[in-house]
S.K.: 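Quick one: the structure is below, and I'll ask about it shortly.
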Amino acid sequence: MLDTFNQWFLSLGAEYGVNPYIFGAIYIGAIPFFILSIGWLVRRAKAGRSTVLPTMSAGFFFVSAYLYLAIAGRNIPVWVWIFLAALIVYGAWSSIRDTRKKIAAAKAEAEAEAGA
């Protein structure tokens with residue numbers, strides 16, 4: 001059964017021109033870099049410095065697996081692009097919301113320490 005699943009999984013890559021293991025490795029491998037970028041962003045925001053570079057870094061790591069799909073893939077159905085776009089929009093919205101909360105908490109903590 002595991003062999004059947006593996007064959008099906010690999011056939012998806014052959015059909016769309018991507019290696020599913022590479023896609024998965026990029027997807028999973030980007031997570032620590034995304035988290036580090038968010039931490040960098042929060043630290044810079046707390047210090048009152050520009051957050052452009054850490055925001056771009058976080059965005060890149062967030063979409064890196066899909067960039068691989070866009071560059072290497074072929075014959076990808078429209079519904080996949082719509083689904084991926086929805087995932088990216090939701091993930092970006094969620095990340096922005098959470099990052100804003102972290103920045104606000106960090107600033108409030110810094111102000112409380114400065115006032116104490």
Side-chain angles (χ1 to χ4, degrees):
M1 176 148 161
L2 188 59
D3 188 48
T4 304
F5 174 78
N6 191 46
Q7 291 299 328
W8 170 79
F9 188 66
L10 291 175
S11 74
L12 290 175
E15 183 177 348
Y16 299 121
V18 295
N19 183 327
Y21 293 123
I22 292 175
F23 179 85
I26 294 170
Y27 192 88
I28 300 298
I31 292 171
F33 296 106
F34 173 76
I35 292 170
L36 288 171
S37 296
I38 293 298
W40 182 27
L41 188 153
V42 170
R43 281 193 311 278
R44 289 185 65 93
K46 184 179 175 182
R49 298 173 63 198
S50 172
T51 59
V52 173
L53 194 56
T55 300
M56 290 175 61
S57 174
F60 171 75
F61 289 117
F62 186 76
V63 299
S64 59
Y66 304 113
L67 289 175
Y68 167 68
L69 181 65
I71 292 168
R74 63 179 188 279
N75 303 324
I76 298 172
V78 174
W79 71 266
V80 171
W81 291 115
I82 293 169
F83 180 72
L84 291 177
L87 283 175
I88 289 170
V89 167
Y90 174 74
W93 173 76
S94 177
S95 294
I96 290 167
R97 183 191 62 209
D98 292 347
T99 301
R100 285 182 178 165
K101 285 180 185 177
K102 288 177 184 177
I103 290 170
K107 283 185 179 181
E109 183 182 313
E111 289 173 2
E113 289 175 4

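Not measured: the values here are computed from a predicted model.
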S.K.: Closest approach of Pro54 and Arg44, non-hydrogen atoms and distance?
M.R.: CG-CD, 3.7 Å
S.K.: Which atom pairs, donor and acceptor, lie under 3.5 Å between side-chain atoms of residues 30-38 and protein residues at least two apart or in another chain?
M.R.:
residue : atom : partner : partner atom : Å
Ser37   : OG   : Phe33   : O            : 2.9
Ser37   : OG   : Ser57   : OG           : 2.7

S.K.: As an exercise, state the distance from CG of Leu67 to CZ of Phe60, rounded to the nearest 0.5 Å.
M.R.: 6.0 Å
S.K.: Going from CZ on Phe61 to OH on Tyr27, what distance comes out if it is rounded to the nearest 0.5 angstrom?
M.R.: 15.0 Å
S.K.: Would Ile88 end up clustered with Met56 when hydrophobic side chains under 4.5 Å apart are linked, directly or stepwise?
M.R.: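 No: no chain of side-chain contacts under 4.5 Å links Ile88 to Met56.
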S.K.: Assess whether side chain to side chain contact (heavy atoms under 4.5 Å, CB included) is satisfied between Val18 and Ile22, documenting all intermediate values.
M.R.: CA-CA 8 Å; Val18 295; Ile22 292 175; over 6 Å; no
S.K.: Please list all pairs passing the ring-ring contact (aromatic ring centres under 6.0 Å, His included) test where one or both residues lie in residues 63-83, with sequence neighbours left out.
M.R.: Phe23-Tyr66
S.K.: Can you see which heavy atom on Ala45 is nearest to which on Lys107, and at what distance?
M.R.: O-CE, 3.5 Å
S.K.: Which atoms form the tightest heavy-atom contact between Ser64 and Ile26, and what is the distance?
M.R.: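 Heavy-atom minimum between the residues: OG-CG2, 3.5 Å.
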S.K.: Search all heavy atoms of Lys46 against all heavy atoms of Ala110 and return the closest pair with its distance.
M.R.: CE-CB, 4.1 Å
S.K.: Would you tabulate the side-chain donor-acceptor contacts of residues 90-103 under 3.5 Å, counting partners in other chains and residues two or more places apart, or write 'none'?
M.R.:
residue : atom : partner : partner atom : Å
Ser95   : OG   : Gly91   : O            : 2.9
Thr99   : OG1  : Ser95   : O            : 2.7

